[in-house]
Amino acid sequence: MTHFTAVLLFALFASVVFGITQRETPKRMLRYGIYCFVLFAGSAIVLSWVMFLIAR
Amino acid sequence: MVPAPARYSQKGMATTPNNPAAAKQDSKQGFVYLPLIAGWLVPGAGHFLLGKWYRGALLAASIVGMFAVGIAMQGRLYSNVHDILELLGLAGDLGNGLLFFIGRAAGLGADQVQVTTADYGTRFIVVAGLLNVIAAVDAHNLRTGRKA
């Protein structure tokens with residue numbers, strides 16, 4: 001398993017739980033879950049690039 | 001005089017309902033903490049008890065999946081504590097309920113972190129426990145009527 005796969009799995013599992021527990025209606029659960037997933041995965045990608053550029 | 005327009009809406013958010021009397025009436029029936037305890041012991045069980053089958057199944061799949069991935073990555077299951085950070089890790093692990101105790105009894109997980117992925121696996125197991133606590137509290141809120 002690569003690091004990026006681990007990041008995606010972590011984001012998926014955490015987003016499902018956040019979506020279900022933090023919102024009431026199914027539609028809002030789905031939207032919030034997708035929002036959390038994008039934030040998890042997106043922030044990991046952005047921070048990875050930042051660290052890559054700092055290390056050069 | 002024209003009433004001031006609403007500036008925001010709480011519709012769909014996890015807020016206290018406007019009928020606390022009804023919620024209080026519901027909470028008087030049966031053991032209120034049963035979904036909380038069941039949800040902690042078995043991921044998703046609190047929602048299953050309340051008839052929220054899809055939510056419970058998704059929560060169970062996510063939490064058990066995260067725990068299983070952590071074990072597969074040779075993550076560590078905390079048992080003996082030597083410092084405060086390990087105590088926090090043990091607290092997170094205990095959130096997994098029966099998964100943690102079965103894992104310990106079956107000898108799953110590594111005693112020492114020996115491979116690179118094991119550190120990630122350890123975090124997966126701890127976070128699975130913390131997510132399970134959130135799910136169990138959500139089941140409790142559904143039971144008491146704090147959440148619809």
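Every chain is numbered from 1, with letters handed out A, B, ... down the list of sequences.
Counting heavy-atom pairs under 4.5 Å between each of B:Ile63, B:Val137, B:Asn141, B:Leu58 and chain A puts B:Leu58 at the top.
Counted within 6.0 Å of OH on B:Tyr120, heavy atoms from surrounding residues, nucleotides or ligands total 12 or fewer; the atom is thus considered open.
Rounding to the nearest 0.5 angstrom, the gap separating the CD atom in A:Gln22 from the NZ atom in B:Lys147 is 7.0 Å. Going from atom OG1 of A:Thr21 over to atom CG of B:Leu131 covers 8.0 Å, rounded to the nearest 0.5 Å. With rounding to the nearest 0.5 Å, the separation of CG in B:Asp138 from CZ in A:Arg23 is 12.0 Å.
Under the 4.5 Å side-chain heavy-atom criterion for grouping Ile, Leu, Val, Met, Phe, Trp and Tyr, A:Val38 is not connected to A:Ile45 through any hydrophobic cluster. Under the 4.5 Å side-chain heavy-atom criterion for Ile, Leu, Val, Met, Phe, Trp and Tyr, B:Val127 and A:Ile20 are members of the same hydrophobic cluster. A:Phe13 is not connected to B:Phe67 by any chain of hydrophobic side-chain contacts under 4.5 Å among Ile, Leu, Val, Met, Phe, Trp and Tyr, and they are in different clusters. In this structure, B:Trp53 is not a member of the same hydrophobic cluster as B:Leu50, with clusters built from ILVMFWY side-chain heavy atoms closer than 4.5 Å.
Here the side chains of B:Val69 and A:Met1 are in contact, with some heavy-atom distance below 4.5 Å.
In this structure, no portion of A:Tyr32 lies under 4.5 Å from any heavy atom of chain B.
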